[in-house]
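Letters go in sequence order (proteins before strands), and every chain restarts at 1.
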There are 2 protein chains.
Amino acid sequence: MKTASPATPRQDLSAQIAEAIRDAIVEGRMITGERLPSEAELAEQFGVSRSTVREALKRLAAQSLIRTQRGAFGGAFVNRLSYEGAYSQQITTSTLLLSMNAVSFETACEARYTLERACAPLAARRRTDEYLATMRAEIARQSQPDLSDEAFCASDVTLHRAFVDAAGNPVLSYQLAGAVEAMQPLMNMITFTARSRGEIVGLHTALADALEAQDAAAADTALHRLEAYTLTLGRDVMASRSRHGK
Amino acid sequence: MKTASPATPRQDLSAQIAEAIRDAIVEGRMITGERLPSEAELAEQFGVSRSTVREALKRLAAQSLIRTQRGAFGGAFVNRLSYEGAYSQQITTSTLLLSMNAVSFETACEARYTLERACAPLAARRRTDEYLATMRAEIARQSQPDLSDEAFCASDVTLHRAFVDAAGNPVLSYQLAGAVEAMQPLMNMITFTARSRGEIVGLHTALADALEAQDAAAADTALHRLEAYTLTLGRDVMASRSRHGK
DNA sequence: GCCCTTATGAATGTCAGACAATTAAAGGTC
DNA sequence: GACCTTTAATTGTCTGACATTCATAAGGGC
């Protein structure tokens with residue numbers, strides 16, 4: 001049946017088939033939850049072997065466009081692409097992009113805080129007690145002197161995500177997830193002294209206070225100062241790294 | 001050799017292998033441009049068949065973590081994850097998220113313009129003649145009355161991406177690419193009247209003027225008004241859609 | 001009739017082996 | 001040295017088989 005596309009043998013068959021199915025999903029010809037034909041049927045439809053179809057399906061699964069289920073009445077189903085799924089993909093891509101050293105600490109830092117500041121007006125307007133409580137709790141945790149650097153960073157991420165979520169826009173949260181989480185590996189390289197922790201906790205407190213008072217300008221200021229301070233910390237690490245060779 | 005992980009048979013072998021290789025790449029044990037062992041070698045190393053390895057590799061290829069080359073001295077190579085690659089993945093994920101109707105037009109619109117406004121201060125400070133010229137050119141195109149709605153939307157995207165790129169931060173551009181491009185399918189549903197086009201072109205001109213004058217506040221205002229206007233247009237479409245069934 | 005156990009069949013997951021297609025490099029010819 | 005041919009390595013594809021999973025149907029005990 002192979003329709004023999006005239007001059008498109010540039011890609012693998014599996015890539016072409018993956019693309020065809022992806023288009024069907026994106027264009028709404030297949031709806032969420034719908035079951036794809038079985039691998040054997042797809043193989044026949046596209047005029048290829050089952051292995052080729054399977055490779056195509058694995059490509060789609062890697063983008064979490066479909067999920068597969070074994071057993072009777074199993075098969076491949078169109079995924080809903082939940083926010084969580086989108087988040088994790090977003091984070092994976094962003095982390096990759098940064099970890100491949102194509103991006104300087106300065107650039108990543110600037111992007112992250114610029115985006116975060118964008119949330120400030122919405123967060124100040126919409127913040128609920130729930131998110132405020134999360135931020136306060138993380139600030140308390142960050143004040144414990146026996147906290148490891150990794151745990152401090154993780155808490156930092158949690159706090160900032162609470163701030164972003166307080167803006168009450170899931171698409172914004174999704175976009176920011178990448179920016180905030182992807183910075184963590186870079187932040188993890190920083191050894192936090194007691195003094196720098198104190199400084200950061202102070203700025204976090206200012207941020208939480210601003211949100212509580214629904215003062216967007218104050219939140220903006222706190223984030224500006226946090227960016228500046230993070231930048232100096234990061235620069236120190238980068239400088240000492242390049243001094244000690246690689 | 002199968003190390004028989006104690007209690008992790010939750011995933012397919014191909015997914016496990018993909019994850020193992022992905023970790024190796026992310027953690028820097030494999031560097032950009034490096035060649036992976038051949039499929040046959042990987043199959044032996046992991047104690048699985050070649051098909052299983054291939055499925056794992058397809059998963060990684062779908063995330064553009066690797067690229068494959070046929071022939072002698074071919075194989076799978078660790079990809080650099082260029083900005084373009086990251087862009088397109090970002091766009092795919094964002095588009096999917098929006099197109100699956102899990103997101104309202106209002107939410108998407110708010111997120112998009114909130115993020116774009118975040119770029120205003122940087123863009124106003126750093127804008128070069130190049131990006132200004134691109135914006136002016138797109139405004140001129142949008143003023144042509146015989147332009148199709150699709151072309152109008154595409155030009156809109158180009159203009160807004162020029163604005164974002166003017167901020168001079170590639171990470172920011174990458175993050176925004178998703179927000180801006182993913183809106184296009186939603187915008188494409190809008191039929192632009194001559195009046196609405198005029199309104200939009202006027203706001204675009206105000207945005208370009210603000211950038212030229214390096215006036216961040218004016219750019220912010222223009223984007224606010226653009227958001228408000230886009231929202232009314234979108235609401236009209238949604239309303240008429242729900243009236244006419246479906 | 002009701003519940004528990006046991007087939008059954010359809011589907012994915014995995015394997016093994018084969019061949020085709022591609023490609024860079026080595027070797028040969030002039 | 002330039003050009004052509006061979007070669008070997010590697011991915012791409014196909015075929016057929018078996019293992020595994022799992023909802024449903026069938027059967028048996030009470």
Side-chain angles (χ1 to χ4, degrees), chain A residues 1-21 25 30 33-79, chain B residues 1-21 25 30 33-79:
Chain A
M1 192 51 80
K2 205 182 290 186
T3 41
S5 38
T8 325
R10 300 284 269 284
Q11 302 178 94
D12 301 347
L13 280 177
S14 66
Q16 290 177 42
I17 292 170
E19 205 172 335
I21 299 176
I25 295 174
M30 304 211 57
E34 194 174 339
R35 180 179 169 282
L36 273 71
S38 73
E39 295 175 355
E41 285 175 288
L42 286 171
E44 200 180 358
Q45 280 181 33
F46 286 101
V48 299
S49 72
R50 209 186 128 208
S51 346
T52 305
V53 168
R54 279 183 65 75
E55 287 176 9
L57 293 181
K58 293 309 170 196
R59 295 180 115 106
L60 298 175
Q63 302 177 299
S64 60
L65 269 167
I66 60 169
R67 101 197 82 94
T68 55
Q69 220 168 20
R70 294 176 68 168
F73 286 72
F77 298 85
V78 179
N79 246 340
Chain B
M1 190 51 83
K2 207 181 291 188
T3 40
S5 38
T8 325
R10 303 282 269 281
Q11 300 179 98
D12 302 337
L13 279 177
S14 68
Q16 290 177 43
I17 292 169
E19 203 172 336
I21 298 176
I25 295 174
M30 303 210 60
E34 194 174 340
R35 180 180 169 280
L36 273 72
S38 73
E39 295 175 354
E41 286 176 287
L42 286 172
E44 201 181 357
Q45 279 181 33
F46 286 102
V48 299
S49 72
R50 213 188 123 205
S51 342
T52 305
V53 167
R54 279 184 64 76
E55 287 177 8
L57 293 180
K58 294 308 170 197
R59 296 181 115 106
L60 299 176
Q63 302 177 300
S64 59
L65 268 167
I66 61 170
R67 101 197 81 95
T68 55
Q69 218 168 21
R70 292 175 70 166
F73 286 70
F77 298 85
V78 178
N79 247 339

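- B:S51 comes within 4.0 angstrom of a base, heavy atoms only.
- Across the protein-nucleic acid pair, A:E44 atom CD and D:dG16 atom P stand 14 Å apart, rounded to whole Å.
- Applying the side chain to side chain donor-acceptor pair (under 3.5 Å) rule to A:E34 yields no partners; only residues at least two apart in sequence or on another chain are considered.
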Extract all donor-acceptor atom pairs below 3.5 Å that involve side chains of residues 56-63 of chain B and protein atoms in other chains or at least two apart in sequence.
unit_1	atom_1	unit_2	atom_2	d
B:R59	NH1	B:S14	OG	2.8
B:Q63	OE1	B:R22	NH1	2.3

Which pairs of donor and acceptor atoms, one on a side chain in residues 64-78 of chain B, lie under 3.5 Å apart (sequence neighbours left out)?
unit_1	atom_1	unit_2	atom_2	d
B:S64	OG	B:Q89	OE1	3.0
B:R67	NE	B:N79	OD1	3.0
B:R67	NH2	B:V78	O	3.4

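- Proximity of residues 72-79 of chain A to DNA chain D (heavy atom under 4.0 angstrom from any strand atom) is restricted to A:A72.
- When the nucleotides D:dT15, D:dT21, C:dT14 are ranked by their closest atom to the side chain of B:L13, C:dT14 comes out on top.
- In this structure, the side chain to side chain donor-acceptor pair (under 3.5 Å) partners of B:R54, at least two apart in sequence or on a different chain, are A:E55, B:E39.
- Residue B:R35 contributes atom CZ, which lies 10 Å from atom C1' of D:dT11 at whole-angstrom precision.
- A donor-acceptor contact under 3.5 Å links the side chain of B:R50 to the base of D:dG12.
- Dashed line: the shortest gap from a side-chain N or O of A:T68 to OP1 or OP2 of C:dG13 is under 4.0 Å.
- Listed nucleotides: D:dC14, C:dT14, C:dT12. Nearest to the side chain of A:E39: C:dT12.
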